[in-house]
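Reading through the structure tokens given below for one structure.
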Amino acid sequence: MSQEELLLDSGQPNEDNRDRKGRSRIGLVVTGLVGGSLVALYAVAAPFVAPALRKVCLPFVPATTTQVENVLKALRTRSGTLVDIGSGDGRIVIAAAKHGFRASGFELNPWLVWYSRYRAWREGVYRSTSFHISDLWKVSFAQYSNVVIFGVPQMMEKLELKLASELPSTAKVVTCRFPFPTWIPESTVGEGIDTVWVYDAKTFKSHLVLSQSCVPDVYLPAL
């Protein structure tokens with residue numbers, strides 16, 4: 001073997017090692033970029049899919065355009081104050097404000113509340129809207145004449161009692177996706193997942209009074 005061939009043979013392992021090291025560095029860079037992107041995506045997205053209410057696991061699921069339209073149709077003859085319980089990204093509140101309501105949203109997720117405030121400002125309705133970071137079970141809704149709720153079955157029975165005891169008799173309640181378990185709606189709008197149920201406070205408040213009057217008196221025996 002010539003001296004030139006020996007030199008080439010002796011240099012080949014070093015070149016292979018450099019190639020492997022180069023590929024390893026590229027792999028580390030790609031892995032770091034992908035991992036960093038996933039972390040950033042999680043940081044941005046997590047607040048929007050986290051539970052909106054503490055008592056019940058209620059993830060943020062945006063209302064469809066049809067659902068928003070159905071809510072507005074259900075309240076087309078109404079005015080005054082409106083509250084969206086679990087307001088998410090604020091689309092119901094903003095749409096209601098554009099139709100003349102003084103609209104408020106209550107949402108436990110602070111990221112969604114801040115985003116809602118930004119959207120209201122961008123849409124030009126920030127003066128007629130308000131968004132609050134709060135647990136619905138710690139808020140009184142007595143001042144509102146129109147209530148919208150995107151709930152889940154686990155919370156609806158307890159929410160019936162809360163709203164019946166707090167709302168004025170002139171109020172209307174609109175539920176989306178799930179109806180209340182015992183209340184009888186006065187009307188419905190839409191169909192399928194876009195259905196909304198409309199309830200009149202006079203009716204459900206009278207049922208509450210009736211149920212309370214049916215509770216038997218308890219007499220203690222004389223000592």
Side-chain angles (χ1 to χ4, degrees), residues 52-53 58 60-107 112-113 115-117 119-132 134 136 139-153 155-157 159-208:
L53 302 173
L58 184 59
F60 168 55
V61 180
T64 66
T65 300
T66 303
Q67 285 173 335
V68 176
E69 292 173 350
N70 288 343
V71 169
L72 295 176
K73 287 178 183 177
L75 298 174
R76 63 184 177 276
T77 61
R78 305 282 296 175
S79 61
T81 56
L82 178 144
V83 62
D84 184 9
I85 300 176
S87 54
D89 63 359
R91 63 185 63 192
I92 292 286
V93 173
I94 291 170
K98 289 181 177 180
H99 282 74
F101 290 94
R102 298 189 305 279
S104 301
F106 286 86
E107 169 64 52
L112 289 172
V113 170
Y115 179 67
S116 298
R117 291 169 179 167
R119 286 193 63 189
W121 171 80
R122 188 182 65 184
E123 298 287 338
V125 292
Y126 67 95
R127 294 184 183 278
S128 55
T129 60
S130 61
F131 296 93
H132 310 274
S134 184
L136 78 87
V139 177
S140 171
F141 299 108
Q143 64 177 305
Y144 298 102
S145 55
N146 303 280
V147 178
V148 180
I149 173 69
F150 279 76
V152 293
M155 67 184 289
M156 302 302 276
E157 184 174 0
L159 190 56
E160 278 188 346
L161 297 174
K162 177 176 175 61
L163 295 179
S165 63
E166 293 179 355
L167 293 179
S169 59
T170 56
K172 295 283 187 181
V173 179
V174 178
T175 64
C176 308
R177 294 199 177 99
F178 298 100
F180 284 107
T182 66
W183 290 357
I184 300 174
E186 68 172 10
S187 63
T188 61
V189 180
E191 58 184 13
I193 63 170
D194 295 320
T195 302
V196 302
W197 292 262
V198 185
Y199 301 88
D200 183 76
K202 291 187 184 72
T203 302
F204 61 72
K205 288 178 77 71
S206 65
H207 289 169
L208 177 65

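The shown structure was predicted, so the numbers you read here are calculated from the model rather than taken from an experiment.
Less than 6.0 angstrom separates the ring centroid of Phe141 from the ring centroid of Phe106.
For Gly90 against Ser116, the heavy-atom pair with the smallest separation is N-OG, 3.2 Å. Nearest heavy atom pair, residue Phe150 against residue Ala63, reads CZ-CB, 3.6 Å. Minimum interatomic distance between Pro179 and Thr175 (heavy atoms only, all atoms of both residues): CA-OG1, 3.8 Å. Contact detail for Ala201 and Ser169: the closest heavy-atom pair is CB-O, 3.6 Å. In terms of heavy atoms, Phe178 sits closest to Gly151 at CD1-O, 3.2 Å.
Without hydrogens or angle criteria, Thr64 side chain to Gln67 main chain gives a donor-acceptor distance under 3.5 Å. At least one donor-acceptor pair under 3.5 Å links the side chain of Lys205 to the backbone N or O of Leu167. With hydrogens and angles ignored, the 3.5 Å screen pairs a side-chain donor or acceptor of Asn146 with a backbone N or O of Thr81. Checked by atom type and distance alone, the side chain of Tyr199 pairs as donor or acceptor with a backbone atom of Phe180 at under 3.5 Å. In this structure, Glu107 contributes its side chain and Ser134 its backbone to no donor-acceptor pair below 3.5 Å. A distance-only check finds no donor-acceptor pair linking the side chain of Arg177 to the backbone of Val152 [under 3.5 Å]. Using a distance-only test at 3.5 Å, with no hydrogens or angles considered, a donor-acceptor pair links the side chain of Glu160 to the main chain of Trp183. Using modelled atom types, no side-chain atom of Glu123 and backbone atom of Ala120 make a donor-acceptor pair closer than 3.5 Å.
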Worked verdict on Phe131 versus Ser87 for side chain to side chain contact (heavy atoms under 4.5 Å, CB included): CA-CA 8 Å; Phe131 296 93; Ser87 54; 4.2 Å; yes

Worked check of side chain to side chain contact (heavy atoms under 4.5 Å, CB included) between Leu82 and Val147: CA-CA 6 Å; Leu82 178 144; Val147 178; over 6 Å; no

Verdict with reasoning, Phe204 to Ile184, per side chain to side chain contact (heavy atoms under 4.5 Å, CB included): CA-CA 8 Å; Phe204 61 72; Ile184 300 174; over 6 Å; no

Residues Val68, Arg91; criterion side chain to side chain contact (heavy atoms under 4.5 Å, CB included); working and verdict: CA-CA 8 Å; Val68 176; Arg91 63 185 63 192; 4.2 Å; yes

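Residues Arg119 and Ile94 are in side-chain contact: their nearest non-hydrogen atoms beyond the backbone lie under 4.5 Å apart. Residues Ile149 and Leu159 have side chains in contact (heavy-atom distance under 4.5 Å, counting atoms from C-beta outward). Between Ile92 and Val71, the closest side-chain pair of non-hydrogen atoms falls below 4.5 Å. Put simply, the side chain of Thr182 does not reach to within 4.5 Å of the side chain of Glu157, judged on heavy atoms.
Applying the side-chain contact (heavy atoms from CB on, under 4.5 Å) test between Leu75 and each of Val174, Val189, Val196 identifies Val174 as the sole match.
Between Glu166 and Lys162 there is a salt bridge, since a side-chain N of the basic residue sits under 4.0 Å from a carboxylate O of the acidic one.
Within 6.0 Å of atom CZ in Arg122, more than 12 heavy atoms from other residues, nucleotides or ligands are found, so the atom counts as buried in its surroundings. The environment of NE2 in His99 is sparse: at most 12 heavy-atom neighbours from other residues, nucleotides or ligands sit within 6.0 Å. Counted within 6.0 Å of CD on Glu186, heavy atoms from surrounding residues, nucleotides or ligands total more than 12; the atom is thus considered enclosed.
One distance of note links OG of Ser187 with NZ of Lys73; it measures 12.5 Å at 0.5 Å rounding. The CG atom of Leu161 sits 12.0 Å away from atom CE of Met156, with the distance rounded to the nearest 0.5 Å.
Side-chain polar atoms of Ser130 and Ser104 form a donor-acceptor pair below 3.5 angstrom. In this structure, a donor-acceptor pair under 3.5 Å is absent between the side chains of Thr195 and Asn70.
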